[in-house]
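A quick write-up on the structure given underneath.
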Protein chains: 2
Amino acid sequence: MTSLYREIKRQLIADIANGVVAPGAALPNETDLARRFNVSIGTLRRAVDELVADHILVRQQGRGTFVGLQDRDRFMFQFFRIEGRDGLREFPQLSMQNFAKGRATPAEARQLGLSGTPSVFRIENVLTLQGQPVIFDRIVISAQLYGGLTQAQFEQRKGTIYELYQTDFGITIVDADERVRIEPADAQSAQHLGLAEGDAVLHIERVAHTVDGQVAEFRISTVNTQTHDYVVRARGKR
Amino acid sequence: MTSLYREIKRQLIADIANGVVAPGAALPNETDLARRFNVSIGTLRRAVDELVADHILVRQQGRGTFVGLQDRDRFMFQFFRIEGRDGLREFPQLSMQNFAKGRATPAEARQLGLSGTPSVFRIENVLTLQGQPVIFDRIVISAQLYGGLTQAQFEQRKGTIYELYQTDFGITIVDADERVRIEPADAQSAQHLGLAEGDAVLHIERVAHTVDGQVAEFRISTVNTQTHDYVVRARGKR
DNA sequence: AAGTGGTCTAGACCACTTG
DNA sequence: AAGTGGTCTAGACCACTTT
């Protein structure tokens, strides 16, 4: 039923999730790994192949195999789907509007896969593209998972938010589900996006997962699509 | 530079694109294929692996490897992203509103990757979910690519539209890019979706590609998201 | 029983990066 | 030069489907 290479894949995922191999760190070379798991190098490679396909590991010929690092490039190509009407993909400038600790609503708890009314951090950001505010993000994350997170830590971070999750908490976001619909802008969204309350905005609910499938973030993005689109590209390259 | 398995992959794609192996037909078995290409079975499998990952080929243990067929299941999981707010995924009921032949606008020609003002078919459909009209589709396809297509042929087809493309014209859609934004409903969309003209609707532009990367369809979908969402799921399974 | 794909082995040699 | 991943081989045996 369960093949060898799947078992190896699971063990590698467990090692990454438990921080046995740190983000950015190199794995042992393939012959050593194969020996350690008592499999041939072909079988070891098959397990690593799939983790590379999922962007969890990154191979570099001549250098080694590394745990995928969250950086701007990865964020832009894997998680950021907003681009100009003309196809221009620009890294957004982020401005934090609010940082607070509180109790999750029942809906938020459900999205986070938690029971009861757990303690959460709420972070609100405006994302600017080409000088114009385009996206208003409301992020909800478990206070237990991100224990000790402070506003200063958030503001003084370098790089993306997902990079902060990874470097400061060992949490690597590897994929996300999104649900998109139209909603009338609430007062807050309207203000941040330069719209009138009730104007139609794109409402995106994102549930982001770690390497071992746990929910590590719930985010509602509100987007003004007057000049930008939400873009989904085909997987394959060919 | 170009590895053996990539070359084999390209040859297999060419065979599929040229109809050398028909949709639904079985490929020769792996040992025969490997012999034909003068490679080991491992190398042959690597090429086929990638085509299976792209849903171009389908393997069935004990039976064979087949050119992927367009059916409801494939359409629902690969191309249809609209689902109920509660997560219910339902196959839409389709009602054709219009079928016409005409000249492409410059914008349409550009999306189709054609020059000038080529002859095109325009097909308009209303898609109904749970008894309510939710999606209004405007499809534009090259009259040259789909030579001889008739309204009767379209209306009397069995299965999905992509199944018609495949069985009647040998055109297999394998992936699609989509751009999503909010637009005010025009008179026609509003009427079909039971909205007032100017109401905000989700506007989706889809460019669909064949196995060899050619554009085979341009489609604008207009969606009423009052009860349904546009959903993007994470790739990996784990 | 015969035929198919699925997994696995134990190497070999090549391409690339680094010291 | 040494170490890494990238490609490829020529088998073996297993799991599944069909006849």
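Protein chains get the first letters and strands the later ones, always in sequence-line order, with residue 1 at the start of each.
- When heavy atoms are screened at a 4.0 angstrom cut-off, A:R45 is found touching base atoms of the nucleic acid.
- Between the OH atom of B:Y5 and the C1' atom of D:dT9 there is a distance of 16 Å, rounded to whole Å.
- In this structure, B:L44 atom CG and C:dT7 atom P are separated by 16 Å, rounded to whole Å.
- Distance, B:R46 CZ to D:dT9 P: 12 Å, rounded to whole Å.
- The minimum heavy-atom distance linking B:E90 with B:F80 is given by the pair O-CE2, 3.8 Å.
- Taking atom CG of residue B:L33 and atom C1' of nucleotide C:dG5, one finds them 12 Å apart after rounding to whole Å.
- In this structure, the separation between CZ on A:R89 and CG on A:L129 is 10.5 Å, given to the nearest 0.5 Å.
- Between B:F121 and B:Y146, the ring centre distance reaches or exceeds 6.0 Å.
- Pairing for D:dC16 goes to C:dG3, judged as Watson-Crick or G-U wobble with the two contacts each under 3.5 Å.
- When heavy atoms are screened at a 4.0 angstrom cut-off, B:T65 is found touching the sugar-phosphate backbone but no base atom.
- With ring centers used as reference points, A:H55 lies 6.0 Å or more from A:F79.
- Pairing for D:dC8 is with C:dG11, a Watson-Crick or G-U wobble pair whose two hydrogen-bonding atom distances lie under 3.5 Å.
- Side-chain contact, A:R6 with A:S3: a donor N or O sits under 3.5 Å from an acceptor N or O.
- To the nearest angstrom, C1' of C:dG5 lies 9 Å from CD1 of B:I41.
- Mapping B:L27 and A:N38 onto DNA chain C via the closest heavy atom, the residue that lands nearer the 5' end is B:L27.
- Note: CD (B:E30) to P (D:dG11) measures 17 Å, nearest angstrom.
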Below 3.5 Å between N/O atoms, which protein atoms pair up with nucleotides 17-19 of chain C? Just atom names and distances, please.
from: C:dT18; atom 1: OP1; to: A:R63; atom 2: NH1; distance (Å): 3.3

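- At least one donor-acceptor pair closer than 3.5 Å links the side chain of B:Q78 to the backbone N or O of B:V174.
- The separation between A:R35 atom CZ and C:dG11 atom C1' is 13 Å, rounded to whole Å.
- Here the P atom of nucleotide D:dG6 and the CD atom of B:E7 are 21 Å apart, to the nearest Å.
- Here D:dT9 is the nucleotide among C:dT7, D:dT9, C:dA10 with the atom lying nearest to any side-chain atom of B:V39.
- Residue B:T43 places at least one side-chain N or O under 4.0 Å from the OP1 or OP2 atom of D:dT9.
- For B:R59, the listed nucleotide lying nearest its side chain is C:dG6; candidates were D:dT7, C:dT7, C:dG6.
- No donor-acceptor pair under 3.5 Å is formed between the side chain of A:Q11 and the backbone N or O of A:I8.
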